K.L.:
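Structure incoming, see below.
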Amino acid sequence: MPKAIVDGVEVEFEHGMSVLQVAELAGAEIPRFCYHDRLSVAGNCRMCLVEVEDQRGRAPKPAASCALPCSDGLMVHTRTDKVKKAREGVMEFLLLNHPLDCPICDQGGECDLQDQAQAFGRDGSRFAENKRAVEEKYMGPLIKTIMTRCIQCTRCVRFATEVAGTEDIGLLNRGEHAEISTIERAVQSEMSGNLVDICPVGALTSKPYAFTARPWELRKTSSIDAMDAVGANIRIDARGRSVLRVLPRLHEDVNEEWIADKSRHAIDGLSRQRLDQPYVRSNGRLRPASWDDAFAAIAAKFKETAADRIAAIAGDQCDAESMFALKSLMDAKGVKNLDCRQDGAALATGGNASGWRFNTTIAGLEEADAILLIGSNPRWEAPLINARIRKRFLTGELQVFGVGAPHDLSYQTDWVGAGPHTLSEILAGKVAAAKALKAASKPVIIVGQGALTREDGAAVLNLAGQIAEKFGVIQDDFNGFNVLHTAAARVAGLDMGFLPGEGGRDMAGILAGAQAGEIDMVYLLGADEFDTEALRETFVVYQGHHGDAGASVADVILPGSAYTEKNGLFVNTEGRVQTTRLATFAPGDAREDWTILRALSGALGQPLVFDDLEGLRQSLIQAVPHIGGIDQIAPVEWALPGAAGDLSDAPFEAAVGNYYMTCPISRTSQTMAECTEVYLAGSLDQAREAAE
């Protein structure tokens, strides 16, 4: 490997690395504003100046280390007087027009410009001219702009173009008149909140978070996002009982350092329409009750009802512990009518996890050279996975084909058909996508919930599996067959078997039985994503954290906790086990879900075998061993999923109709309501009027 000497320290590096990257390997601190590891090199700010020297001698002037490739034998000097003076001069220019509003800037305390001005700047300025001012720009309901602070580093432009896949942001004019603008339109991306993170100054800040808190006031908790099935690593910033901010944490294999807008900004829904005490329906109306009264009402109905007339449904944001506790309680009663698939997805029909996992893994998408999307819109169902696909697409080594309703996925997609019969043609080799899959060294198939939540879902899944086997998608060291989930709780529920037992009813059967008078009692564990009107004549127990669809038909309501209010295990779409951490306490009398179920089991006379979270997890791991491997993905053997059957002529429909409102939290979020109005329902003029 080539070697370089940085400030007298010899370091080995890989070919193609820049001087800045090599200097960091040697432990040198190089200031920068425009450079970002995941973006193209711009060389705008000139803050990363260093002196370099090779066999021909020292360069006559400092060079921008971010844009200079490092060569074997190069000597780099980062602390000379010339470098120090050059950096001070650059910083002086950067601060030339920057307003002195740090005390009121939301970036204060987390600002790269503040930190580097103190470390690498000088204590005065030679400029006495008036500072220029720049008009604020409209970028949508999520981003607040104070463009006079902008230093034209163009990080936002490059992120929008390269990562988010939108060209809404650009640099206008030249020289002193240069400014970042969107031409007065909202940024059309589900990842626009990351623009705030990458801005090194306070030019772009979070509009919902504006003037809310200072970073040193906040209690920071590392956790996991439960808004979709990706399981993005997040940091929850809270003050008291309020979650004020969610930021991404670095995890190269899951979300890199990005998160989606819903994960970041739906949190204001955590404080609205919350269930904070038990309720019992009396004379047709829900009335506040004590825990003992609520448990007594459930116990009376539970004990008088036969097991085959009881059902339980787990929702999309349930932690693994609460689902296991409910399953254990129902197993003790002999209840077989269980389901965690609110949308009726035809999964687990083969009983092998390879048929319901994202087997390639999220990071593994960067090796794919052909992708077939089946009934999926990853831009709305999993924006971070869509960003991975785009990242691979930009290398020029990936072809993407789609079967289903066409969507703008931010990269070129060849939509070859609309429904299941296109899959039959692919299997027969009659479509261009078949040739691409056959020619690819690592082909990938992604099956979305839009293809599985149909009557012929099992047949579609089976047909997709046949295509995978025929065209080399399944290899000894690479499994390119993937199911893209939209529910954070789904994979854990499937893994533990929260499914109909022998002779039991699935989701459709439970609803049909309730309407026919054959199901007398239904326990909803955070389940709201189905037509609850079918349960109007059934005794319903709803355990959840928001007064949403499930609570509206409930006879007894037990207030639970949201994902930010408990320590819970989640398994993401690729089968990776991760854990949320308690960042705030649930409001009022609400409790963690597993504790409610443990207390209820005692009231029913069938106490569960665990008394604390550790005991519950031990029981869970004993039943499902791989759930004990935190941040691990247990290997699974391939087996053809689904079941052969008749195919419908109907085209695949999108599983997500409104990205910004998919759960009780996001549906009660005012910020998500504004996003829905701006991006989905309103015109630009309406959006501007709402903003003003």
Side-chain angles (χ1 to χ4, degrees), residues 223-224 226 229 231 307 310-341 347-348 350-357 359 485 487-504 523 525-526 543 560-561 563 566-582 591-637 639:
S223 191
I224 301 299
I310 299 175
I313 303 171
D316 291 349
Q317 292 181 328
C318 298
D319 56 285
E321 293 93 336
S322 62
M323 287 191 290
F324 183 74
L326 179 57
K327 183 177 184 299
S328 299
L329 184 59
M330 293 298 162
D331 287 346
K333 174 73 172 179
V335 176
K336 304 294 185 182
N337 307 316
L338 307 174
D339 211 338
C340 64
R341 305 163 298 181
L347 292 164
N352 187 288
S354 65
W356 65 71
R357 280 192 187 177
N359 297 290
H485 291 278
R490 184 66 53 81
V491 176
L494 295 172
D495 285 350
M496 73 176 64
F498 200 104
L499 298 163
E502 185 176 353
Y523 199 112
L525 181 61
Q543 180 178 330
S561 52
Y563 70 101
K566 56 188 172 184
N567 299 308
L569 295 173
F570 286 83
V571 184
N572 76 348
T573 190
E574 59 183 350
R576 185 183 301 274
V577 183
Q578 302 183 105
T579 179
T580 59
R581 299 292 184 189
L582 187 148
R591 297 290 184 267
E592 290 190 40
D593 292 296
W594 76 266
T595 63
I596 296 173
L597 290 161
R598 175 61 182 84
L600 176 60
S601 70
L604 298 179
Q606 297 175 327
L608 298 174
V609 297
F610 41 81
D611 295 315
D612 54 25
L613 183 60
E614 184 62 30
L616 169 54
R617 285 184 174 172
Q618 290 299 324
S619 299
L620 173 59
I621 292 170
Q622 186 175 1
V624 191
H626 73 265
I627 285 187
I630 302 298
D631 202 32
Q632 301 294 319
I633 301 176
V636 292
E637 295 293 330

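Computed from heavy atoms alone, side chains included, the values below leave out hydrogens, waters and symmetry copies. Not measured: the values here are computed from a predicted model.
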K.L.:
What pair of heavy atoms forms the shortest contact from Trp594 to Ser322, and how long is it?
P.N.:
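What the structure gives for the nearest pair is N-CB, 4.3 Å.
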
K.L.:
So, taking the atom named CG in Leu499 and the one named CG in Asn337, what distance separates them when rounded to the nearest 0.5 Å?
P.N.:
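CG of Asn337 is found 12.5 Å from CG of Leu499.
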
K.L.:
Distance-only, no hydrogens or angles: does the Asn567 side chain make a donor-acceptor pair with backbone N or O of Leu582 under 3.5 Å?
P.N.:
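At least one qualifying donor-acceptor pair exists.
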
K.L.:
Please confirm whether the backbone N or O of Phe610 pairs with a side-chain atom of Arg598, one donor and one acceptor, at under 3.5 Å?
P.N.:
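Answer holds: yes.
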
K.L.:
For a quick test of reading the model, state the closest non-hydrogen atom pair linking Met330 to Ile310 and the distance between them.
P.N.:
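Closest pair (atom of Met330, atom of Ile310, distance): SD-CG2, 4.2 Å.
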
K.L.:
Under 3.5 Å, side chain of Glu592 to main-chain N/O of Ser561, donor-acceptor pair present?
P.N.:
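Judged by distance alone, no pair lies under 3.5 Å.
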
K.L.:
Does Asp319 reach the side chain of Leu569, with side-chain heavy atoms less than 4.5 Å apart?
P.N.:
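No, every pair of side-chain atoms sits at 4.5 Å or beyond.
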
K.L.:
Given 3.5 Å as the limit, does a donor-acceptor pair link the side chain of Thr580 with the main chain of Ser223, or not?
P.N.:
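Not confirmed, Thr580 side chain does not pair with Ser223 backbone.
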
K.L.:
What distance separates Leu620 CG from Met496 CE, expressed to the nearest 0.5 Å?
P.N.:
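So the CG of Leu620 and the CE of Met496 are separated by 5.5 Å.
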
K.L.:
Could you report the tightest heavy-atom contact between Gln543 and Tyr523, atom names first, then the distance?
P.N.:
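For Gln543 versus Tyr523, the nearest heavy atoms are OE1-OH, 2.6 Å.
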
K.L.:
Could you walk me through whether Gln622 and Gln618 pass the side-chain hydrogen bond (donor to acceptor under 3.5 Å, both in side chains) test, one step at a time?
P.N.:
CA-CA 6 Å; Gln622 186 175 1; Gln618 290 299 324; over 6 Å; no

K.L.:
Determine whether Pro500 and Arg341 make a side-chain contact, defined as any pair of heavy atoms from C-beta on separated by less than 4.5 Å.
P.N.:
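Yes, at least one pair of side-chain atoms sits under 4.5 Å.
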
K.L.:
Considering only distance and modelled atom types, tabulate donor-acceptor pairs under 3.5 Å from the side chains of residues 630-637, sequence neighbours left out.
P.N.:
unit_1	atom_1	unit_2	atom_2	d
Asp631	OD1	His251	NE2	2.9
Asp631	OD1	Arg576	NH1	3.3
Asp631	OD2	His251	NE2	3.4

K.L.:
Any carboxylate oxygen within less than 4.0 angstrom of a Lys/Arg side-chain nitrogen, looking at Lys336 and Glu502?
P.N.:
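Looking at Glu502 together with Lys336, the answer is no, because their closest N to O distance does not fall below 4.0 Å.
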
K.L.:
Checking Ser328 against Asp331: is there a side-chain donor and acceptor pair closer than 3.5 Å?
P.N.:
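Absent: no donor and acceptor within the cut-off.
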
K.L.:
At their closest point, which heavy atom of Met323 faces which heavy atom of Gly493, and how far apart are they?
P.N.:
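The answer is CE-N, 3.7 Å.
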
K.L.:
May I ask you to decide if Ala229's main-chain N or O and Thr573's side chain share a donor-acceptor pair within less than 3.5 Å?
P.N.:
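Not a single qualifying donor-acceptor pair exists.
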
K.L.:
Could you tell me whether the side chain of Arg617 and the main chain of Glu321 form a donor-acceptor pair under 3.5 Å?
P.N.:
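Answer holds: no.
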
K.L.:
Find the distance between CD1 (Ile224) and CZ (Arg581) and round it off to the nearest 0.5 Å.
P.N.:
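It comes to 9.0 Å.
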
K.L.:
Output the distance between atom NE2 (His626) and atom CG (Asp495), rounded to the nearest 0.5 Å.
P.N.:
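Nearest 0.5 Å value for the NE2-CG distance: 3.5 Å.
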
K.L.:
Could you check whether any side-chain heavy atom of Leu347 comes within less than 4.5 Å of a side-chain heavy atom of His485, counting everything from C-beta outward?
P.N.:
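SC-SC contact between Leu347 and His485 confirmed.
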
K.L.:
Using side-chain heavy atoms (C-beta onward) and a distance below 4.5 Å, is Cys318 in contact with Asp593?
P.N.:
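No, side chains not in contact.
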
K.L.:
For the side-chain contact (heavy atoms from CB on, under 4.5 Å) test, which of Ile313, Leu338, Leu525 pairs with Phe498?
P.N.:
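For Phe498, the side-chain contact (heavy atoms from CB on, under 4.5 Å) test succeeds with only one of Ile313, Leu338, Leu525, which is Leu338.
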
K.L.:
Taking all non-hydrogen atoms of both residues into account, name the closest pair between Glu574 and Arg357 and its distance.
P.N.:
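In this case the closest contact between Glu574 and Arg357 is O-CD, 3.9 Å.
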
K.L.:
On a heavy-atom basis, which atom in Ala325 and which in Leu597 lie closest, and how many Å separate them?
P.N.:
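Minimum heavy-atom separation between Ala325 and Leu597: CB-CD1, 3.9 Å.
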
K.L.:
Strictly distance-based, threshold 3.5 Å: is any side-chain N or O of Gln317 a donor or acceptor partner for the main-chain N or O of Tyr563?
P.N.:
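Looks like no, no N/O pair under 3.5 Å.
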
